[in-house]
Amino acid sequence: AAPQRSILSFFGKK
Amino acid sequence: MIEAVLPQASLLKKIIEAIKELVSEANFDFSETGIRLQAMDKSHIALSFLHLRNDGFSEYRCDRSQTLGINLESFSKVLKCAANDDQVQIKATDKAESLSISFESTAKDRVSEFNVKLMDIDIDSVDVPDMDYQATVNMSSQEFARIVRDMMTIGEAITIDATKQGVKFSTSGDAGEGNILLRHRKTIDEEDGPSSTSVEINEPVSHSLALKFLANFAKAAPLADRVSINLIEDAPVMFEFKISDMGHIRFYLAPQIEE
């Protein structure tokens with residue numbers, strides 16, 4: 001399967 | 001003190017069903033303006049975002065902002081005890097240890113009350129910036145659910161290509177490959193029927209996504225006739241289901257890295 005990125009690599013933690 | 005009343009339990013049932021597979025427990029933020037929930041799945045690949053405005057409830061009261069941590073499986077079990085047409089009231093006092101949920105039948109001759117334990121949930125929340133999407137696909141939510149189901153028979157990933165001509169969903173797997181093209185209609189009117197698709201586009205954009213998450217998002221289809229798929233290069237894809245007159249559920253899904 002293709003490698004999967006995380007939401008956290010796009011949106012910063014609050 | 002928090003008190004919120006919805007005329008039909010079926011709406012709350014559909015909302016919880018739409019997110020409980022992705023998120024097992026979540027913080028519900030109650031404020032004067034309404035209810036918000038933001039939660040990621042365990043793998044941090046998908047983000048669920050719920051907003052219900054206060055004016056969508058038949059009664060709504062929130063004296064001070066409060067966060068209630070709720071196990072969604074427990075919430076769902078309790079909601080199954082309601083008839084779809086029952087009025088539902090949720091209530092919590094300040095510093096409450098449980099959420100009170102009560103149902104009243106349409107004839108007002110049957111009232112049931114349940115309590116669900118509240119929990120402290122320590123989760124990361126993220127800042128979602130406003131984005132100018134390159135392409136927005138607006139399509140029937142039933143059609144979306146069907147495409148996801150069909151693609152899953154072949155592959156594990158789906159590629160969504162949005163162009164001026166329309167939107168193409170494709171997949172491949174050991175057994176073969178397949179694609180489905182929905183052609184863009186300029187206007188969505190009665191003649192075209194509710195199944196037509198529109199693509200607003202600035203630039204063509206393509207994303208590869210894990211199908212199992214889309215299968216979870218499709219569980220929100222009973223909430224809305226339409227879904228919008230919002231795409232931008234190198235950012236999560238946003239799926240939005242509007243909840244009539246009161247808010248929306250949005251799902252953000254991180255793309256796979258193209259090989």
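Numbers restart at 1 for each chain; the letters A, B, ... are given by sequence-line order, proteins then strands.
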Exercise for the section: May I ask you to test the A:F11-B:D127 pair for a side-chain heavy-atom distance under 4.5 Å? Expected result: no

Handout entry: Contact summary for B:A254 and A:S6, nearest pair of heavy atoms
Key = CB-C, 3.9 Å

Practice task
List the atom of B:I45, the atom of A:R5, and the distance in Å for their closest heavy-atom pair.
Solution key: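 Smallest heavy-atom distance, with atoms named: CG1-O, 3.9 Å.
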
Problem - Structural part of B:D234 lying under 4.5 Å from a heavy atom of chain A - result: both

Should the heavy atoms of other residues, nucleotides or ligands under 6.0 Å from [atom1] of [X] be counted, would the total exceed 12?
X	atom1	value
B:E32	CD	no
B:D94	CG	yes
B:K13	NZ	yes

Handout entry: Gap separating the CD1 atom of A:I7 from the CG atom of B:D41, nearest 0.5 angstrom
Key =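 CG of B:D41 is found 8.5 Å from CD1 of A:I7.
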
Problem - Point-to-point distance, once rounded to the nearest 0.5 Å, from CG of A:L8 to NE2 of B:H44 - result: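 NE2 of B:H44 is found 5.5 Å from CG of A:L8.
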
Exercise for the section: Assess the pair A:F10 and B:Y252: is the distance between their ring centroids shorter than 6.0 Å? Expected result: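 No, too far apart.
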
